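First up is the structure itself, then whatever we jot down about it.
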Protein chains: 2
Amino acid sequence: MDAQKDKSMEQLILEAAEVLFLEKGFSLTSTTEIAKTVGCNQALVHYYYRTKEHLFNVIFEQKFMQFFQSVFDNNSLLDLAFEDKIKLIMNSHFDMLQINPRLPQLIINELARQPERIDRLKEKLRSYPEKVFAELNQNLQTEILEGKVRNINLLDLFITIVTLNVSLFMYLPLMQQIFGLNEDQKSEFLAHRRIENIDFVLNSIRP
Amino acid sequence: MDAQKDKSMEQLILEAAEVLFLEKGFSLTSTTEIAKTVGCNQALVHYYYRTKEHLFNVIFEQKFMQFFQSVFDNNSLLDLAFEDKIKLIMNSHFDMLQINPRLPQLIINELARQPERIDRLKEKLRSYPEKVFAELNQNLQTEILEGKVRNINLLDLFITIVTLNVSLFMYLPLMQQIFGLNEDQKSEFLAHRRIENIDFVLNSIRP
DNA sequence: CACATATTTAATAATGCTATTAAATAAATT
DNA sequence: AATTTATTTAATAGCATTATTAAATATGTG
């Protein structure tokens with residue numbers, strides 16, 4: 001708790017808000033509750049972040065970027081085989097989800113609540129996704145020509161990757177309760193599915 | 001609108017509530033808004049359904065059953081090959097999702113908001129899922145022995161089926177806006193993915 | 001220290017929501 | 001027709017929420 005004392009109230013509010021927003025979403029989280037969690041006056045939340053919506057935006061955009069980067073910021077490792085890049089991307093994506101298991105649900109819900117947000121995010125990302133895509137696609141096309149990879153569509157592949165990983169975490173609490181898994185069994189299940197998902201994708205792209 | 005005049009207020013309230021709950025979820029829908037949609041006094045909603053929570057429960061359980069049955073109530077067609085049964089189940093599931101595209105999100109959100117609901121649903125379903133599973137599994141085991149189907153786990157297969165279909169509808173609004181699809185393109189995309197999903201599953205179970 | 005600025009709190013306005021109650025109206029029953 | 005029962009409304013209690021304001025306290029600066 002000593003580390004907490006160093007942090008500014010502004011930061012503490014942000015961190016508490018992140019936890020609560022991810023746990024219960026925007027509408028079920030109140031600024032009063034955020035303040036209570038931090039142990040400050042409710043007006044302070046508004047002093048630093050003006051409105052609940054604005055506070056949420058700060059967190060949402062940061063987390064969305066984190067989500068995005070976990071998938072798209074792995075091209076730094078230049079000279080890997082396409083297969084290894086996919087492995088890297090999927091592991092990175094999985095790691096992020098393990099730390100933020102409720103993030104996909106938050107993103108889906110909030111983009112449904114405020115569809116105009118999508119345009120703002122698109123603007124923020126600019127041509128970055130296309131750039132990464134183009135680069136990876138070049139890599140892919142080369143390997144297809146070399147007969148190392150089946151002729152696949154990169155977008156479809158990405159949709160599959162994200163779907164497989166995200167769905168796992170989205171349905172996990174449900175499965176956990178239905179099958180009555182304890183924490184150890186849950187961890188084991190996740191570790192197993194991480195590999196399964198990767199294996200599935202790698203198998204599906206073989207020539 | 002003549003048909004509407006025949007319906008009781010009780011029924012009209014239920015229908016309006018269903019639309020609104022599926023559109024915006026439990027917490028963003030108010031009984032005031034439901035009443036306004038129907039064109040009645042807000043107290044009438046409470047007269048017929050006592051509490052908002054209770055009204056929601058009526059709708060939720062009914063919709064959950066609909067979801068459930070779309071997957072589990074296809075064993076009536078007895079003597080089909082396993083592959084054809086899967087095709088039937090996936091089409092039935094897809095049809096249901098096309099009519100209720102936001103249902104999965106509602107289910108996920110509300111089971112997260114009230115985890116105790118899961119136990120109630122389990123109780124309501126009793127041994128029915130196991131029964132269907134056992135029956136289908138017998139069918140599957142026979143076909144595995146006959147070499148018609150690869151040795152797969154039925155639960156894993158079901159998770160894959162549900163995941164593929166559900167994810168599609170969950171991310172559809174997002175993809176629609178990102179790629180700027182109009183209604184025709186959206187329909188086309190859906191028709192394409194319906195077949196893709198089925199093909200994928202059927203391919204994956206081949207010996 | 002004196003003054004300015006930043007942080008924090010208490011109080012509260014304004015709003016919207018659920019649920020209840022009592023009264024009014026319509027429908028059914030005797 | 002009289003009486004009971006069902007439906008519907010108006011009014012409102014009670015609560016939680018967001019956001020603002022003015023005052024209080026702490027912190028920094030010349």
Side-chain angles (χ1 to χ4, degrees), chain A residues 1-62 106 109-110 112-114 116-117, chain B residues 1-62 106 109-110 112-114 116-117:
Chain A
M1 301 295 149
D2 276 4
Q4 297 242 336
K5 288 229 173 104
D6 299 353
K7 287 179 186 168
S8 67
M9 270 294 167
E10 189 175 357
Q11 181 64 20
L12 289 175
I13 289 168
L14 193 73
E15 287 171 14
E18 181 180 317
V19 171
L20 289 171
F21 280 141
L22 275 166
E23 203 172 290
K24 323 194 307 172
F26 177 81
S27 52
L28 290 179
T29 303
S30 69
T31 54
T32 309
E33 189 181 5
I34 294 167
K36 206 168 58 189
T37 307
V38 178
C40 72
N41 190 285
Q42 177 257 351
L44 199 61
V45 178
H46 290 270
Y47 170 73
Y48 280 120
Y49 297 98
R50 209 167 45 80
T51 65
K52 177 182 162 185
E53 192 79 47
H54 178 250
L55 169 58
F56 183 79
N57 284 345
V58 173
I59 290 164
F60 185 84
E61 299 217 343
Q62 191 252 318
L106 189 76
N109 283 333
E110 290 309 318
R113 190 175 63 89
Q114 296 198 317
E116 67 275 17
R117 198 190 286 274
Chain B
M1 301 295 148
D2 277 5
Q4 296 241 338
K5 287 228 172 104
D6 299 351
K7 288 179 187 170
S8 67
M9 269 295 167
E10 189 174 357
Q11 182 62 19
L12 288 174
I13 288 168
L14 193 73
E15 287 171 13
E18 180 180 315
V19 171
L20 289 170
F21 281 142
L22 274 166
E23 202 172 291
K24 326 196 305 172
F26 176 81
S27 52
L28 289 179
T29 302
S30 70
T31 53
T32 310
E33 190 182 2
I34 294 168
K36 205 167 60 191
T37 307
V38 178
C40 72
N41 189 284
Q42 177 258 354
L44 200 61
V45 178
H46 290 272
Y47 170 74
Y48 281 120
Y49 297 98
R50 205 166 49 79
T51 66
K52 177 183 162 185
E53 192 79 47
H54 178 251
L55 169 58
F56 182 79
N57 284 345
V58 173
I59 291 163
F60 185 84
E61 299 218 342
Q62 192 253 316
L106 189 76
N109 283 333
E110 290 309 319
R113 189 174 65 89
Q114 297 197 318
E116 66 275 16
R117 200 190 287 273

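Everything numeric here is computed off the predicted structure, so don't read it as measured data. Hydrogens, waters and symmetry mates play no part in the numbers below; they use all other heavy atoms, side chains included. Here is how names work: the chains are called A, B, and so on, in the same order as the sequence lines, proteins then strands, and each is numbered from 1.
The side-chain contact (heavy atoms from CB on, under 4.5 Å) test applied to B:Thr31 returns B:Gln42, B:Val45, B:His46, B:Lys52, not counting sequence neighbours. B:Asn41 meets the side chain to side chain donor-acceptor pair (under 3.5 Å) test with no other residue; sequence neighbours excluded. In this structure A:Tyr48 satisfies the ring pair (Phe, Tyr, Trp, His ring centres under 6.0 Å) test with no other residue, sequence neighbours excluded. A search for side-chain contact (heavy atoms from CB on, under 4.5 Å) contacts involving B:Val58 returns B:Leu14, B:His54, not counting sequence neighbours. A:Ala112 meets the side-chain contact (heavy atoms from CB on, under 4.5 Å) test with B:Arg102, B:Gln105; sequence neighbours excluded. By the side-chain contact (heavy atoms from CB on, under 4.5 Å) test, B:Gln62 pairs with B:Glu18, B:Gln66, sequence neighbours left out. With sequence neighbours excluded, the residues that form a salt bridge (charged side-chain N to carboxylate O under 4.0 Å, His left out) with A:Glu61 are A:Lys124. In this structure B:Tyr49 satisfies the ring pair (Phe, Tyr, Trp, His ring centres under 6.0 Å) test with no other residue, sequence neighbours excluded.
Note on residues 29-50 of chain A: pairs passing salt bridge (charged side-chain N to carboxylate O under 4.0 Å, His left out), not counting sequence neighbours, are A:Lys24-A:Glu33.
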Inset, instruction - Take nucleotides 14-21 of chain D nucleotide by nucleotide from the 5' end and write B, S or -, depending on whether a protein heavy atom sits under 4.0 Å from the base, only from the sugar-phosphate, or from neither. - result: ---SBBB-
Atom pairs, N/O to N/O, protein against nucleotides 22-26 of chain D, distance under 3.5 Å?
none

Between the protein and nucleotides 27-29 of chain D, which nitrogen or oxygen pairs come in under 3.5 angstrom?
none

